[in-house]
Amino acid sequence: MENNEENERASRIDSAADSKEKTDTKEQGSNRRRFPRRTRAKSHSENRKRSTSNDKADEKKHKNTEGERRTKNPTRDDLNLMSDLKKGVEINDKIQQSRVATHHSLDKNNTGNVRITPLGGLGEIGANITVIETENSAIVVDVGMSFPEAGMHGVDILVPDFSYLEIIKDKIAGVVITHAHEDHIGAVPYLYKKMQFPLYGTPLPLGMISSKFDEHGLKKFRSLFRVVEKRKPIVIGDFEIEWIHITHSIIDSSALAIRTSAGVILHTGDFKIDHTPIDGFPTDLHRLAHYGEEGVLAMLSDSTNSHKAGYTQSEATVGPTFDALFARATGRVIMSTFSSNIHRVYQAIEHGIKYNRKVAVIGRSMEKNLEISRQLGYINLPQNIFIEAHEVDKYPDNEVLIVTTGSQGETMSALYRMATDEHRHIKIKPTDHIIISAKAIPGNETAIATVINFLMKAGASVAYQDFSEIHVSGHAAQEEQKLLLRLIKPKFFLPVHGEYSHIHKHRETAIKCGVAEKNILLMEDGDQIEITPTTMRKVKSVRTGKSYIDNQVSKEIENDVVLDRQKMANEGVCFFAAEILSKEAKFADKPKFSLLGIVGHKEERSYTKELENTLTLFLAACKKETLANARALENEIRNLLKKQLFKKTKRYPAIVVSLFLR
């Protein structure tokens, strides 16, 4: 039946087509042939398709109309579903907000408060020391040293000013150490010479501090050492403190979770997130996350690499670079790095063993740190691979690895003395391959360049910054900082460890990670910050500064001594000595002058003659009372020389006057 209908429809279409064709033919006056049968069949097929398509379009339009009608007039089931979905979004949104800001669960009715005072480590690299205190108790976190500026002549290291600790010493319950780098433990002996407290830390930091105490004659204070276990909170004064494992460029580093009456304070120490550390112990992210879920009141975090985007590479990436350098070395390999970077030294020695080289460790601090690490079991190396410095020449060059200090260009270091041909046992050869596996501490760039120049002049090849993986940082880059901020989720954030630009950049990162801008404070050394569950504010400033240390004698240098050295170096010094006949108001003999760093030797004779004439006229016009008083006369002559020298040089040199009156 359906076929009959289709045939009838096709017949009607054919008739209409024929009729139209006839009409067209008549109008155009042509004898055009009619379409062949095949063409008409094709036309019928197209028309049928067109008709079917129109039917489908009508059906689709009908469905769309029904859908629009249903949307405009939703059913009760539709409304119920939409309501459930919206509730789900709201609930999950609240859960997410709670998850990313667990500090909202902190007890706002809590009246506890805690004060944080950095005494070093801000506005600089190094000298890290922070006081955390309540009304009745205090702890000191790290006691580090820093390096002097170029103008601090004869100064080897700087240690923090301990004046504030003197004021609060009766309530200090202990010193807690995060890790064994010099900028965190280097000043401990100088503090313990003045005052002593229980000293808490993991084995490596305490082992290295013990060695320092031996050098400084402080062995008796080793009884104050308290070895701690990670993941095991202990009570120190008003605080409960847990050491949490964290990766850095030295083994056995820790972050601190400090529980106070006001809430938990998380101090990261120096850190990076290394998932493939040499010892196989990555950062304890689970424990950090535990405190983040509990709710952290405030976090103090390492800002050193705040300007570096991405991630800091793993210590393990240095190994392949070492392998490539050792493989192509035909002479001795001399590797220099920080003496505290035990895993870097360990990797170098492992490659020395792989390529059948004996190992000479040269440099007192390098030898000491490596030996402590071996004794404590942090690294395992056979004793028979080591040789002494004086034995190096007994072996072929391609069988020797020298691991040494001096990666920062220190003038007293072993590498510097080798480079300047002053080392007793090691002379640089053209076949030597030098690897400097360290990055310059700000301010040391010139010193490092000087050493490299000396080494190259001796003909050695030097690998310093030729390879990106010859050294990796121990500090977190931005993505690692973000990870810790997201894990800890602190209410208040205090970026530490770095210059102002570093902590300012860390502040920007924290804001991106959800920390409220008003809850971030950029501190300076001496700022005392009071924190409660609801507020954070600066309450006062305390005295800070630096003390100058001469490492050759392990003694402090007075401030005025350093200032005098700076003045002499920058302005020069004038020595004047004379015997004066008081009654006759004249020199008994020709006065003696020495103008060091003021005028050249050629000009000195004529200029001292000029000064002598001026002083002769001064004595002739001088009052009798002044001539009779040696001290008064010295001051008058000093002031006169000061004016004359400034007129000549536009400088104020140091002036030393020695008078003999008769």
Side-chain angles (χ1 to χ4, degrees), residues 106-107 110-121 128-144 160-179 184-185 187-188 190-203 205-206 209 221-244 254-269 287 291 294-300 490 492 494 496 523 526-533 536 539-540 542-544:
L106 295 172
D107 183 5
N110 182 354
T111 58
N113 71 80
V114 62
R115 293 191 177 190
I116 299 173
T117 312
L119 301 179
N128 298 289
I129 176 172
T130 303
V131 177
I132 300 177
E133 63 183 298
T134 62
E135 186 177 349
N136 302 313
S137 185
I139 56 171
V140 181
V141 179
D142 293 332
V143 188
D161 185 332
F162 301 128
S163 299
Y164 183 64
L165 299 186
E166 290 274 8
I167 295 171
I168 65 167
K169 65 181 180 181
D170 291 336
K171 71 173 185 177
I172 295 177
V175 174
V176 299
I177 302 297
T178 60
H179 64 283
H184 291 258
I185 66 169
V188 172
Y190 300 97
L191 172 62
Y192 276 66
K193 286 177 181 179
K194 297 182 177 182
M195 55 195 110
Q196 300 80 40
F197 315 100
L199 184 62
Y200 297 84
T202 51
L206 293 185
I209 293 171
F221 296 132
R222 291 191 298 190
S223 61
L224 295 169
F225 288 9
R226 307 285 186 269
V227 181
V228 302
E229 298 176 28
K230 293 182 179 180
R231 284 193 158 210
K232 185 177 180 180
I234 61 172
V235 175
I236 305 173
D238 288 349
F239 309 92
E240 183 184 85
I241 305 175
E242 178 181 342
W243 275 253
I244 301 171
S254 304
L256 302 173
I258 305 166
R259 194 178 299 278
T260 74
S261 60
V264 173
I265 296 171
L266 199 294
H267 192 307
T268 68
R287 200 65 189 149
Y291 280 100
E294 178 184 325
V296 170
L297 177 64
M299 181 167 82
L300 289 73
F492 299 113
L494 297 165
V496 293
M523 301 184 292
D527 288 350
Q528 187 162 101
I529 310 303
E530 183 179 75
I531 302 178
T532 72
M536 177 172 67
V539 290
K540 67 176 182 178
V542 305
R543 176 180 168 180
T544 61

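Just the heavy atoms: all of them, side chains too, but no hydrogens, waters or symmetry mates, feed the values below.
The CD1 atom of I241 lies 4.0 Å from the CD1 atom of I236; values are rounded to the nearest 0.5 Å. Rounded to the nearest 0.5 Å, atoms CG (L300) and CD1 (I265) are 7.0 Å apart. In this structure, CG on L199 lies 4.5 Å from CD1 on I209, to the nearest 0.5 angstrom. Annotation: the span from L224 atom CG to Y200 atom OH amounts to 9.5 Å, rounded to 0.5 Å. For the atom pair CD1 (I258) and CZ (F239), the distance works out to 7.5 Å, reported to the nearest 0.5 Å. Interatomic distance, M536 CE to I529 CD1, rounded to the nearest 0.5 Å: 7.5 Å.
For T117, the side chain to side chain donor-acceptor pair (under 3.5 Å) partners are Q528, not counting sequence neighbours. With sequence neighbours excluded, the residues forming a salt bridge (Lys or Arg N to Asp or Glu O under 4.0 Å) with R259 are E240, E294, listed by chain and number. Every side chain to side chain donor-acceptor pair (under 3.5 Å) that T202 has, sequence neighbours left out, goes to D252. With sequence neighbours excluded, the residues forming a side chain to side chain donor-acceptor pair (under 3.5 Å) with D161 are S163, R543, listed by chain and number. Looking at residues two or more places apart in sequence or on another chain, you find no salt bridge (Lys or Arg N to Asp or Glu O under 4.0 Å) involving R226.
The minimum heavy-atom distance between L206 and G201, with the atom names listed, is CD1-O, 3.4 Å. Considering all non-hydrogen atoms of both residues, I177 and P205 come closest at CG2-CB, 3.8 Å. Heavy-atom minimum distance, P160 versus G144: CD-O, 3.1 Å. Minimum heavy-atom separation, G112 to P533: O-CD, 3.4 Å. The two atoms that bring A173 and S137 nearest to each other are CB-OG, 3.9 Å, heavy atoms only.
A donor-acceptor pair under 3.5 Å is absent between the side-chain atoms of T178 and the main chain of G269, judged by distance alone. In terms of modelled atom types and a separation under 3.5 Å, the side chain of N110 and the main chain of S261 share a donor-acceptor contact.
Shown are V140, V143, V175, V542; of these, the side-chain contact (heavy atoms from CB on, under 4.5 Å) with L165 is made only by V140. Just one of I531, V264, L266 meets the side-chain contact (heavy atoms from CB on, under 4.5 Å) condition when paired with L297; it is I531.
Here the side chains of E242 and R287 are in contact, with some heavy-atom distance below 4.5 Å. Taking the side chain as every heavy atom from C-beta outward, V227 and P203 approach each other to under 4.5 Å.
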- Query: Please walk me through it: do I116 and T130 pass side chain to side chain contact (heavy atoms under 4.5 Å, CB included)?
  - Reply: CA-CA 7 Å; I116 299 173; T130 303; 3.8 Å; yes
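A perpendicular orientation is assigned to the rings of Y192 and F197, their planes being inclined by more than 60° (bins at 30° and 60°).
Each salt bridge (charged side-chain N to carboxylate O under 4.0 Å, His left out) pair with one or both residues in residues 131-140, not counting sequence neighbours, appears once here: E133-K171.
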